[in-house]
There are 2 protein chains.
Amino acid sequence: MQPQRKRWKVGELARATGLTVRTLHHYDRIGLLQPSARSSAGYRLYGEQDVARLQQIRSLRQLGFTLEQIRELLDRRGGDGASHLRVIEMHLARLREQVRAQQRLCDRLERIAKRLRAAEEVPAEELIQSIVEMTMFERYYTPEQLEQLAKRREALGEERIREVEAEWPRLMEEVRAEMEKGTDPSDPRVQALAQRWRALIEEFTGGDPGIAASLKRLYEQETTVHGLDTAAVRAMGEYIGRALAARREGESHA
Amino acid sequence: MQPQRKRWKVGELARATGLTVRTLHHYDRIGLLQPSARSSAGYRLYGEQDVARLQQIRSLRQLGFTLEQIRELLDRRGGDGASHLRVIEMHLARLREQVRAQQRLCDRLERIAKRLRAAEEVPAEELIQSIVEMTMFERYYTPEQLEQLAKRREALGEERIREVEAEWPRLMEEVRAEMEKGTDPSDPRVQALAQRWRALIEEFTGGDPGIAASLKRLYEQETTVHGLDTAAVRAMGEYIGRALAARREGESHA
DNA sequence: CTTGACCCTGACGCAACGTAAGGGTTTATC
DNA sequence: GATAAACCCTTACGTTGCGTCAGGGTCAAG
């Protein structure tokens, strides 16, 4: 007395659900949804139970679960709701993390695009270089530090930034000269250079020791920054460090 | 007189950059980054140019470009900045779309998780069913309509919603009975049922014809909703439609 | 009996590598 | 100078969720 249950062939089911035949084949192959019957010729015949399961699969897919997770969710259906809650919460956490990451990506690209739109003629070489430096920074600084740096740059203003960027190479050239001459770090000339150096760092970092530490890590691990050989910069940094130490010592002895 | 340029073996370069040897092999194979030299034993030897290019690749990867896009960006470096701008803007648009989609996903999962946490003991079967219905709704309603529906539900209150959910099956049972008896749609009993039907739809849709249309599409294309056979519901809907039409006709003749 | 419209299985392709397998090279140590 | 540890090489399959043929049966209509 059973009412001749409806059966679907793959193509019919595919059209009805908006999926492709290939997708249904795939679900069959991996055992996620196997038709409850086959015709004598081997045609897949899906029953109402199968259609219901397919609905569930579609829904869970829409929520971004993998086929494997869906299988577990559907097969562990006997389990308590709490275990499902855990699965969903883990999934949610992963998703949120992804969203945050992509959000950051968007921000970065936005900044790059803005720069590109502003300068009417950016040499491609320079653009790529700036991208490299941007992302390099972002590997060494925490998001909070980057925000602080952005604020700092705004406070300094475009012009002062250009001044500083012009100042650095000059300063480094002078330091290099003294190093080559073998001038003692306690020499007044070196002391003056050390003060300028310290002031520039201070200006860039805004006095934040965390940012200074990140900057140090960056120079320790990258081989080139702004086209400079970091080995040379590190040597200078050490020299300047000795100069500053010598000065402090001199003060404490006074 | 060239200063014995530094060369890296794969493992060294991998350690220095934090990538894996396999990744460098991969880049070599696909021609994205081929070491400028090989040792006599066939060892890959990367020069400074190679390292620079790798930096660029890493940076662009961090921005989410595919290896293919990176190759194009780096190889078309002669091209103007504008073409790069276009690439970046397209990428940005795609990313933003992704973020929006994932944001929506998060919202949906959030709602499900909230429900799960609230009800201390949710039968897994029911949970999955509610997920199915939720996502089904979201396939048929536009985001704006969904928002409107959410507001509507809030306005009605939990209790009224439960009342309505209890009311529907009773009403449908009565309609089915009249249909079976073959009562004419213009019969006063059917007219009363039609009015109750119309009122419930009105309450759910908030009188929005767009939402009513989406609801209709849903019942036309899905085979089961809330465990009901939609074919039966469609038949009832048509019957009620005739009843309402008959009434309007009666009025216009009056 | 031949179309066409279905259906089947099998297998390669995609992105960006991970993970062996099987076998040479260098380098340090005994 | 032998041996072992640490590297390096190429080849090739696995991953995710299907898309896209290829080669070949099945079924209803004309």
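In what follows, chains are A, B, ... by sequence order, proteins preceding strands, each numbered from 1.
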Expressed as a whole number of angstroms, how long is the span from [X]:[atom1] to [N]:[atom2]?
X       : N      : atom1 : atom2 : result
A:Arg58 : D:dC18 : CZ    : P     : 12 Å
A:Phe65 : D:dT16 : CZ    : C1'   : 17 Å
B:His26 : D:dC13 : NE2   : C1'   : 15 Å
A:Leu60 : D:dG17 : CG    : C1'   : 16 Å

Taking only residues two or more places apart in sequence, or in another chain, which ones meet B:Asp107 in a salt bridge (Lys or Arg N to Asp or Glu O under 4.0 Å)?
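Counting only residues at least two positions away or on another chain, B:Asp107 forms no salt bridge (Lys or Arg N to Asp or Glu O under 4.0 Å).
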Can you see whether A:Arg76 engages A:His84 through a side-chain donor-acceptor pair at a distance of less than 3.5 angstrom?
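Judged by distance alone, the side chains do not pair up.
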What I want to check is whether the side chains of A:Arg94 and A:His91 have a donor and an acceptor closer together than 3.5 Å.
yes
A:Tyr46 and A:Arg7, any side-chain heavy atoms less than 4.5 Å apart
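A side-chain contact under 4.5 Å is absent here.
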Phosphate-side-chain proximity, [X] and [N], N/O vs OP1/OP2 below 4.0 Å:
X       : N      : answer
B:Tyr27 : C:dA16 : no
B:Ser39 : C:dT25 : no
B:Thr20 : C:dG18 : yes

Can you check each nucleotide of nucleotides 1-15 of chain C against protein heavy atoms at under 4.0 Å and return B for base, S for sugar-phosphate only, - for none, in 5' to 3' order?
-----BSSB-B----
On a heavy-atom basis, which atom in A:Leu116 and which in B:Leu85 lie closest, and how many Å separate them?
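Smallest heavy-atom distance, with atoms named: CD1-CA, 3.6 Å.
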Electrostatic pair A:Arg96:B:Glu110 at N-O distance under 4.0 angstrom:
yes
